Amino acid sequence: MPEAAAREYEIVVYGASGFTGALTAEYLARNAPGLRWALAGRNQGKLETVRSRLAEIDPALAALPIITADIGEPASLAAMAAATQVVITTVGPYLSYGEPVVAACAAAGTDYVDLTGEPEFVDRMWLGYHAEAQRTGARLVHACGFDSIPHDLGVLFTVGQLPEGLPLRIEGFVRAGGTFSGGTYHSAVGAMARLRQGRQAAGERRRREARPAGRRVSGIVGPPRRVPAAGGWALPMPTIDPQIVLRSAAALDRYGPDFRYGHYLAVRRLPVAAGLVAGTGTLLAMSQLPPTRKLLLKLKDPGAGPSPEEREKAWFKVRFIGEAHNPADGPARVITEVAGGDPGYGETSKMLAETALSLARDELPATAGQVTTAVALGQALIDRLSAAGISFTRVE
């Protein structure tokens, strides 16, 4: 996008005074020397505080530009989007606060990056802005944190270890240790409360979206079971991640003529698995009624996040078991793994920042509209994240 490359900034971090936004800004301060960038948000004073912390990392950042922009003021968002190649937004829940930023980026031909894990939001943004972004050349890339980069790029990496042109079956098993912020918790409760609306948006997208010609792409849904190669019991994980993987598979012929994917949480002990199932069911039931949902939301402040000490101890590993089925030779099998540190914050801010840097600076496939990380960035982003300490390895 030659016109976008001539803009004042390469990257703007919108919501930089929030918990994850500030971590993302700190990552850029430490790892992107020479970057033309700015902080953005609605509160000038809070942004100045963030800038002061960044100046402790790099004194030159004492002069880092600040852009005042508010989702309630579309003109301010339009000016912000027009000034930069890429907008990173960490302002959620995205169903409540995300659409005006998507609209501004789609109209301006500006690349957009977020960390949403809200399927309804992603579907509604496709319905509303995919065509406009295709027209302007904007790349709208959702779910660029722990939801869903390790899973989307992990499957892409696994596909690359398997033979071409054959039916593929891949299952991903997620293990993680750590805590989560109030914002993540509020987004999850909100999504559970809107299951009906989410199904409606997903159904409308299915009716409008073209399917891959001459190829099949489908999900795997199965009961909880023990999977020794995954390290324990596998519980179906109905997050946004398998949806993102399947959209990548639908867009990329390399995933083969018949691609199937299943997504699971892996836990070592059966009692823990049973407790998680029961707890999730209780949370889902309580989120349906306004009085109990209100009680749930009071349990955690949306602005709160884990301490540096808690983040230092956190980790994640996602193991993928992939098979290619050749009628003549039988199945070929590989096991791969994506692993890193604190999934919710340290690594998510890294993924957000590296996604934006790749969009701004790397030679990438020609894409536009709402696209996944595997489709828009692929190996370029795997290489960046590997260099930044997130491992992509073939186990066997």
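Only a predicted model underlies this, so the values are computations on that prediction, with no experimental measurement involved.
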Side chain to side chain contact (heavy atoms under 4.5 Å, CB included) evaluation trace for Asn31 with Leu357
CA-CA 10 Å; Asn31 297 282; Leu357 287 167; 5.9 Å; no

Quick note, side chain to side chain donor-acceptor pair (under 3.5 Å) partners involving residues 213-224, not counting sequence neighbours, are Arg216-Asp258

Give me the atom names and distance for the closest heavy-atom approach of [X] to [Y].
X: Arg36; Y: Arg7; answer: NH1-O, 2.7 Å
X: Pro212; Y: Ala250; answer: CB-O, 3.6 Å
X: Thr84; Y: Val87; answer: CG2-CG2, 3.6 Å
X: Ala82; Y: Thr110; answer: N-OG1, 4.4 Å
X: Gly222; Y: Pro236; answer: O-CG, 2.9 Å
X: Leu168; Y: Arg254; answer: CD1-O, 4.3 Å

Please confirm whether the backbone N or O of [Y] pairs with a side-chain atom of [X], one donor and one acceptor, at under 3.5 Å?
X: Gln370; Y: Val122; answer: yes
X: Ser148; Y: Cys144; answer: no
X: Arg139; Y: Leu359; answer: yes
X: Ser391; Y: Thr393; answer: no
X: Glu10; Y: Ala360; answer: no

Between atom [atom1] of [X] and atom [atom2] of [Y], what is the distance when rounded to the nearest 0.5 Å?
X: Phe146; Y: Leu352; atom1: CZ; atom2: CG; result: 13.5 Å
X: Trp233; Y: Arg225; atom1: CH2; atom2: CZ; result: 11.0 Å
X: Tyr129; Y: Tyr112; atom1: OH; atom2: OH; result: 11.0 Å
X: Asp241; Y: Ile149; atom1: CG; atom2: CD1; result: 11.0 Å
X: Asp147; Y: Ile244; atom1: CG; atom2: CD1; result: 8.5 Å
X: Leu162; Y: Ile170; atom1: CG; atom2: CD1; result: 5.5 Å

Show me the donor-acceptor pairs, under 3.5 Å and distance only, between side chains in residues 372-379 and residues at least two apart or in other chains.
unit_1	atom_1	unit_2	atom_2	d
Thr372	OG1	Ser248	OG	2.6
Thr372	OG1	Val375	N	3.2
Thr373	OG1	Asp152	OD2	2.8
Gln379	NE2	Asp383	OD1	2.8

Can you name the side chain to side chain donor-acceptor pair (under 3.5 Å) partners of [X], sequence neighbours left out?
X: Ser358; value: Asp362
X: Glu347; value: Lys350
X: Glu26; value: none
X: Asp123; value: Arg205, Arg247

Could you state whether [X] and [Y] fall into the same hydrophobic cluster, counting links through intermediate Ile, Leu, Val, Met, Phe, Trp or Tyr residues with side-chain heavy atoms under 4.5 angstrom apart?
X: Leu35; Y: Leu385; value: yes
X: Leu364; Y: Ile382; value: yes
X: Ile321; Y: Val318; value: no
X: Val227; Y: Val395; value: yes
X: Leu166; Y: Ile335; value: no

Residues in side-chain contact (heavy atoms from CB on, under 4.5 Å) contact with Gln134, at least two apart in sequence or another chain:
His130

Just jot down the side-chain contact (heavy atoms from CB on, under 4.5 Å) partners of Arg196, sequence neighbours excluded, or say none.
Arg199, Gln200

What do you reckon, is CD of Gln161 surrounded by more than 12 foreign heavy atoms closer than 6.0 Å?
yes

Can you establish whether the number of heavy atoms outside Arg211 located under 6.0 Å from its atom CZ is more than 12?
no

Quick check: do [X] and [Y] have side-chain heavy atoms less than 4.5 Å from each other?
X: Trp315; Y: Pro343; value: no
X: Met125; Y: Glu99; value: yes
X: Arg319; Y: Val174; value: no
X: Arg42; Y: Leu47; value: no
X: Glu209; Y: Trp126; value: yes
X: Glu396; Y: Arg333; value: yes
X: Tyr14; Y: Thr90; value: no
X: Ile11; Y: Val113; value: no

Apply the side-chain contact (heavy atoms from CB on, under 4.5 Å) test between Pro150 and each candidate in Lys317, Glu337, Met351; give the one that qualifies.
Met351

Side-chain donor-acceptor contact under 3.5 Å, [X] with [Y]:
X: Asp114; Y: Thr116; result: no
X: Thr355; Y: Arg384; result: no
X: Tyr27; Y: Glu354; result: yes
X: Thr158; Y: Thr336; result: yes

Just grab all the ring pair (Phe, Tyr, Trp, His ring centres under 6.0 Å) pairs involving residues 40-69, residues at least two apart or on different chains.
none

I need the full list of ring pair (Phe, Tyr, Trp, His ring centres under 6.0 Å) pairs touching residues 236-266, with sequence neighbours left out, sorted by first then second residue.
His151-His263, Phe173-Tyr264, Tyr255-Phe259, Tyr261-His263

Show me, pair by pair, the donor-acceptor contacts under 3.5 angstrom made by side chains of residues 66-81, not counting sequence neighbours?
unit_1	atom_1	unit_2	atom_2	d
Thr68	OG1	Gln44	OE1	3.1
Asp70	OD1	Gly72	N	2.8
Ser76	OG	Asp70	N	3.0
Ser76	OG	Asp70	O	3.4
Ser76	OG	Glu73	O	2.6

Contacts under 3.5 angstrom, residues 50-60 side chains, donor-acceptor by atom type, not counting sequence neighbours:
unit_1	atom_1	unit_2	atom_2	d
Arg51	NH1	Leu64	O	2.9
Ser52	OG	Glu48	O	3.0
Asp58	OD1	Ala60	N	3.0

Hey, mind stepping through Tyr94 and His142 against ring-ring contact (aromatic ring centres under 6.0 Å, His included) and telling me if it holds?
CA-CA 10 Å; Tyr94 288 91; His142 300 284; 8.0 Å; no

